[in-house]
Every structure is written in structure tokens, then in C-alpha cells.
Amino acid sequence: MKVPDLEPASSLDFIRTRIAEDLKANRNGGRVHTRFPPEPNGYLHIGHAKSICLNFGVAAENNGLCNLRFDDTNPIKETVEFEESIKKDVKWLGFDWDDRLFYASDYFEKLYEYGVHDGKAYVDSLSAEEIRDHRGTLTEPGRESPYRHRPVEENLQLFQRMREGEFEDGTHVLRAKIDMASPNINMRDPVLFRIMRASHYRQGRKWVIYPMYDYAHPISDALEGITHSLCTLEFEDHRPLYDWCLDNLPIPYRPEQIEFARLNLSYTVLSKRKLLTLVTEGHVKGWDDPRMPTLSGLRRRGYTPEAIRNFCESIGVAKRDAIVDVAQLEHAIRNDLNKRSPRVMAVLRPLRVVIENYPENETEQLDAVNNPEDATAGTRKVPFSRVLYIEQEDFRENPPKQFFRLAPGREVRLRYAYFITCKEVIKDASGNVVELRCTYDPATRGGDAPEGRSSPKATMHWVSAAHAVPAEVRLYDRLFNEERPDNDSSVNPGSLEVLSGCQVEPSLKTSNHGDRFQFERQGYFCVDPDSRPDALVFNRTVTLRDTWAKIEKNLKK
RNA sequence: UGGGGCGUGGCCAAGUGGUAAGGCACAGGUCUUUGGAACCUGUAUUCGAAGGUUCGAAUCCUUCCGCCCCAGCCA
């Protein structure tokens with residue numbers, strides 16, 4: 001009898017499919033070994049998370065390994081600070097490279113040895129501009145350098161002298177001898193090594209020549225026994241060169257490079273260069289500014305590693321250029337936080353409410369559910385008294401049709417407390433509503449409607465004025481107003497709004513940095529590192545879905 | 001008009017000759033002490049276009065159109 005093949009529950013992306021095929025064909029002896037190879041020249045962002053999840057994920061799924069390798073071949077851009085931030089972020093995301101932390105710079109000696117192997121490369125003494133001139137254009141072939149046919153012996157000597165620091169920066173380079181007429185510009189004798197007197201953050205002044213990415217990368221992969229070298233689409237053109245390096249050097253091993261589309265997100269930028277600019281030009285407060293799509297920014301904003309991983313899984317891996325809607329990222333964090341974050345009441349823009357028929361000096365402790373999504377989260381006590389704060393936007397003197405929160409003469413429920421009715425509106429000299437005089441119904445304690453009475457349409461959050469704790473709340477919005485920001489786009493001026501007179505329930509007094517909460521009816525918030533016990537600071541991670549906002553928006557149309 | 005890729009609903013994305021998964025978003029509805037969550041329902045006669053092969057095509061062939069990447073001694 002024929003045994004049916006067991007198909008995987010969900011479909012595999014093209015890379016996982018390819019790896020499964022390789023495994024089935026017993027290529028690489030059944031091994032899967034990937035690597036995440038960041039250059040330590042900036043902070044990791046959500047786009048890197050996609051690559052990290054792919055590389056570490058694919059390895060884990062196949063009982064394989066994934067290395068962390070720093071591609072530190074350009075000393076003028078790289079720093080320890082960046083390296084440390086990258087390691088921290090990869091760990092935070094939830095991945096572990098165990099003892100497999102590597103550096104391209106540890107392979108410099110090997111890369112040097114392979115340099116002029118077998119006459120496959122030559123020392124060129126043209127200037128940078130001359131090399132550019134000789135390269136040709138997209139439609140015209142390049143021209144060979146007059147130095148292209150130097151004897152192997154001479155190349156060997158010159159290359160050694162390059163290393164020994166006998167030449168000025170930029171006077172010589174080592175080039176691969178491939179094909180100046182290749183329609184693929186990357187194959188027109190690409191530079192392999194350049195002279196650069198720069199202090200390397202790990203190697204110091206040990207080297208004055210540094211290898212180029214195209215040369216260092218395939219060899220690094222080979223030396224580490226990488227089976228699948230996953231990178232982004234812009235390197236597709238480089239694959240022939242990747243393969244050339246491995247084919248023409250005495251390396252007994254052949255990793256396979258596979259390219260996938262990098263992540264783009266609407267309303268933000270994801271290139272290291274642009275992110276660097278935002279930081280250096282002061283448009284944001286640093287790499288970990290909660291508006292930044294960096295992992296450190298998202299972390300400070302209150303995103304969880306789980307949410308980011310789920311997001312990366314949800315967007316898939318393919319080859320077409322795509323711009324993922326930020327709404328998809330927001331969905332991922334809401335989905336995660338909904339299940340795990342304790343609910344709490346916080347009034348962002350307070351409006352004073354006096355309950356006229358409530359005793360002056362009385363305080364009640366009312367029971368509030370910590371998380372309706374999690375029965376084990378239990379309950380807490382929330383103090384109620386005569387003077388309260390509610391949200392300014394929860395009261396309308398002239399409520400539009402579908403507004404069913406508080407208005408003159410109207411009754412609403414205060415969550416876990418009582419039904420209250422608005423009796424009087426008090427305004428200041430310029431006509432602003434500054435206080436509401438209300439009455440409460442003692443029969444509705446806890447917020448339950450007595451038998452036979454229908455419950456109000458609105459339930460609102462509130463805080464007892466005498467017990468509330470003042471706090472600063474930072475509201476974040478999309479970094480850019482344009483869906484696809486370009487180089488001329490400027491940061492959304494409304495991307496950060498700081499609210500200073502907020503009143504939060506007393507249980508928040510003991511919260512710690514990084515703690516996450518749902519402020520009921522408003523969104524998810526976390527305690528910022530700037531927060532102190534006597535000066536609480538919260539960041540809004542993301543708002544709750546707000547159907548009233550949609551209704552109101554449509555009313556205005 | 002050199003080379004390399006890619007085109008499936010508003011945004012992602014499965015599908016690889018047998019009659020268009022799923023998620024996000026959106027629109028209705030149920031429920032609700034968060035206008036939250038959850039749940040239900042709806043949304044591509046059509047897969048960039050046009051021809052062709054076939055009983056049958058998003059999947060095969062041809063032509064065309066559109067988009068992205070490459071001329072760093074960056075990665």
C-alpha cells in the first residue's frame with residue numbers, strides 16, 4: 001500500500017522550499033547553516049528583524065545553525081557601539097548564536113593570502129577616477145587597465161607592499177581579473193582590496209588594506225561552512241561574483257546565495273543612511289527614539305519581541321518589491337498586548353467632575369478587573385471619591401448624533417464604579433468647559449445595572465482626583481506623513497505630542513521601566529526609561545482600534 | 001535602446017495545468033461594564049496586457065507593457 005506524503009500544514013516560502021529540496025537531495029550532507037551578517041555601522045531596524053527571523057528561523061526549523069557575523073570590512077563607518085547594540089537587539093528579539101560569533105575582520109589574513117592566488121587578480125595603479133572611466137557604462141563595455149597584465153610575481157610583490165604600508169591611500173588596489181566587457185558591471189574587474197589608513201574598531205592599526213564586501217563575503221561564508229547565504233535583492237547582480245570568488249580560490253566549499261526582497265514599511269524609512277541622517281541631524285532624539293523603526297526604538301516604544309516576530313512571519317518572504325502597510329505591524333503589537341497587558345485607568349486630558357450627592361470625605365475601594373482576556377490576572381482596588389477626572393473628549397455639550405458619551409442631562413457608566421448623570425456644566429470666562437457637576441446613583445455600585453434597568457450606552461474610564469498620580473504621557477504617531485517618504489520628506493511634526501497634566505490611577509505609582517499597560521479605551525502604553533517614581537513618564541505604543549474616531553471622521557465628510 | 005529581477009483584490013501573500021488559500025485594511029452584523037477584544041458575514045467571473053497551445057491556463061508558448069536593482073577604492 002502506498003503511504004501518502006505528509007504535506008506541511010501551511011505553504012513554505014520560496015527559500016524554505018528550496019532548503020527543503022536541498023535537504024531531500026541530501027546536498028550539504030543534510031546540514032542547514034545560515035548566518036546573519038550585519039555591518040556594525042548603525043542600529044538594527046525592523047527590516048533587519050525580517051532577515052534575522054528568516055536566518056535564525058530557517059536554521060532552527062531544520063535542526064541547523066545560524067551564525068552572527070559582523071561584516072566589519074569598512075573601518076571608517078564601524079564602531080563598537082553599533083556592534084554592542086546589534087548583539088543586544090538580536091538577543092532581545094529572541095535569538096541566540098551561542099558560541100558562533102564571528103567577524104569578517106578575523107579572516108583578513110586568509111583573505112590576504114587568497115588575494116593574488118593563481119594570477120586571478122592583479123594590482124591596479126590607476127586612480128579611482130581612472131578606474132571609473134575605464135569601467136564603461138551600462139551600455140558600453142569597459143576598457144582594460146594598462147596594469148592588468150602585470151606578471152604574477154610583480155602582483156605578489158606589490159600586494160605585499162600594499163599591505164606593508166608602502167603606498168599612499170588610493171594609489172593602488174587589488175582587482176579581480178574577470179571581464180571588462182561583461183554586461184554585468186560587477187564582473188568588470190571588481191576591486192578586491194583597497195588601501196585605507198583607518199583605525200579599525202577591532203583590529204586597530206594592524207591593517208592598511210581592507211577587503212571589499214564582494215570578496216570578503218563569499219569567503220567568510222565558505223570558511224564558516226554556511227550552506228545558504230540569504231541576502232536581499234540588490235545583491236542578485238553580485239551572485240556571479242560571489243560564485244566567481246568561490247570557484248577561483250582554493251576553498252573547498254560552495255555556499256549558495258539566495259536573494260529575497262527587503263522589507264519596506266509605509267509611512268517610514270528603512271534605510272540605514274536615512275535613519276542615520278534622522279539621528280545626526282536631530283530630527284529625532286536618537287537611535288532609540290520611540291518613533292524610529294529601529295529595534296531599539298520599537299523596544300522603547302513598547303513593542304514586544306513576540307509581536308515583531310509574529311509580524312515578520314505574517315509578511316512572508318518573496319522576491320517582489322513590496323511596501324507593507326504599517327497597519328500590519330500595529331495589528332501585531334495590538335494582538336500581542338491585548339492578551340498580556342494589564343488594564344489600568346489613566347486620564348490623559350483631565351476634566352474635573354464633582355459628584356454632588358457623594359459624601360465629601362468618603363473614599364471607596366472598588367474592584368477592577370486586571371485583564372478580561374486573562375482570568376489569572378485577577379483584580380485590583382481602585383479608589384473612588386467625590387471629585388474625579390474624566391477625559392475631556394468624553395464630554396460634549398452639544399453631542400453629535402452618534403456620540404453616546406457624557407452630555408448635559410445624560411447618564412453614563414463609570415467603569416467599575418457608578419452611573420453618573422451630568423447636571424451642570426461650568427465654564428471659565430472664555431467659555432471653556434472646566435468642570436462638570438454630576439450626581440451618581442448609589443444603586444449602581446460596581447457599575448452593574450440594577451434589575452430591570454437598561455445600562456447606559458457608554459462606559460468611561462475615570463480617576464479619583466485625590467488619589468490620582470500625575471504623569472507625563474508621550475503620544476507618538478507615524479514618523480512621516482507621506483505613505484512613501486522620499487529624500488525631501490520631513491518628519492511629521494505631529495509624530496510626537498507630549499502631554500504633561502495626565503492623571504493616572506494610583507496603582508501605577510510602583511511601575512517599573514518597560515512595564516506595559518493598556519490604558520483602558522485608549523491604547524497600550526509603557527513606562528519610559530525617563531520615568532521616575534515621582535515623575536512618571538509613559539510612551540504610547542499604539543492606540544486601540546477606535547471606531548468612534550472613524551464614525552466622527554465620516555460625520556465630517 | 002547592456003545586464004539582473006519582479007508583476008495575483010486597497011496592502012502583504014499562497015497557488016507551479018483541473019477551475020483564485022490566508023492575513024492586514026475596509027463594510028455590515030452579533031456580543032460586550034473598554035465605541036477594545038471575540039465571533040459571524042461580505043468584498044478578484046479573475047491573476048500586468050494581447051494572442052496562442054489545451055477538454056481545461058494565474059500556472060505552458062509568443063509578443064508587448066509596467067516597476068525595481070547595477071556604472072563606490074560602501075555594504
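Computation of the quantities below employed the complete heavy-atom set of this structure, encompassing side-chain atoms and omitting hydrogens, waters and symmetry-equivalent molecules. Each chain gets a letter, A, B and so on, in the order the sequences are listed, and its residues count up from 1.
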Checklist entry - Under a 3.5 Å cutoff on both atom distances, Watson-Crick or G-U, what's the dot-bracket for RNA chain B ([ ] crossing, | other strand)? => result .(((((((.[[[..)..(...]]].(((((.......))))).....[[[[[..)....]]]]])))))).....
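- For the P atoms, the distance linking B:rA58 with B:rG48 amounts to 10 Å, nearest Å.
- Nearest-nucleotide positions on RNA chain B for A:Asn338 and A:Asn74 put A:Asn338 closer to the 5' end.
- With distances taken from any side-chain atom of A:Arg415 to the nucleotides B:rA75, B:rA37, B:rU34, the minimum falls on B:rU34.
- Taking atom P on both nucleotides, B:rA20 is separated from B:rU59 by 14 Å, rounded to a whole Å.
- Taken from CZ in A:Arg380 to CG in A:Asp367, the straight-line distance is 10.0 Å, to the nearest 0.5 Å.
- Counting any heavy atom pair closer than 4.0 Å across all strands shown, A:Asp214 reaches no nucleic acid atom.
- Under the 4.5 Å side-chain criterion, counting only non-hydrogen atoms from C-beta, A:Phe36 is in contact with A:Leu44.
- Base contact: A:Ile551 has a heavy atom under 4.0 Å from a base atom.
- Put simply, A:Arg194 has a side-chain N or O that comes within less than 4.0 Å of OP1 or OP2 on B:rC74.
- A:Glu391 pairs with exactly one of A:Arg521, A:Arg349, A:His461 by the side chain to side chain donor-acceptor pair (under 3.5 Å) rule, that one being A:His461.
- Contacts between residues 231-238 of chain A and RNA chain B, defined by a heavy-atom separation below 4.0 Å, involve A:Glu234, A:Phe235, A:Glu236, A:Asp237, A:His238, listed by number.
- Here B:rG36 presents its P atom at 11 Å from CZ of A:Arg405, a figure rounded to the nearest Å.
- The separation of B:rU62 from B:rG4, taken at their P atoms, amounts to 16 Å, rounded to a whole angstrom.
- Not a single donor-acceptor contact under 3.5 angstrom links the side-chain atoms of A:Gln522 to the base of B:rU34.
- Taking the six-membered ring where the residue is Trp, A:Tyr112 and A:Trp207 present tilted rings, their angle falling between 30° and 60°.
- At the heavy-atom level, A:Pro372 lies under 4.0 Å from base atoms of the strands shown.
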Checklist outcome for this item: In B/S/- notation (B base, S sugar-phosphate only, - none; protein heavy atoms under 4.0 Å), nucleotides 13-24 of chain B written 5' to 3' is BSS-------BS
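- From A:Asp325, atom CG reaches atom CG of A:Leu265 across 8.5 Å, with rounding to the nearest 0.5 Å.
- Rounding to whole angstrom units, OH of residue A:Tyr267 and C1' of B:rC11 are separated by 11 Å.
- B:rG18 and B:rG7 are spaced 24 Å apart, taking the C1' atom of each and rounding to whole Å.
- Distance A:Tyr215 OH to B:rG72 P: 22 Å, rounded to the nearest Å.
- The separation of B:rA71 from B:rG3, taken at their C1' atoms, amounts to 12 Å, rounded to a whole angstrom.
- Relative to the side chain of A:Pro183, the nucleotides B:rC26, B:rG3, B:rA71 differ in distance, and B:rG3 lies closest.
- Aromatic ring centres of A:Tyr242 and A:His238 lie farther apart than the 6.0 Å criterion allows.
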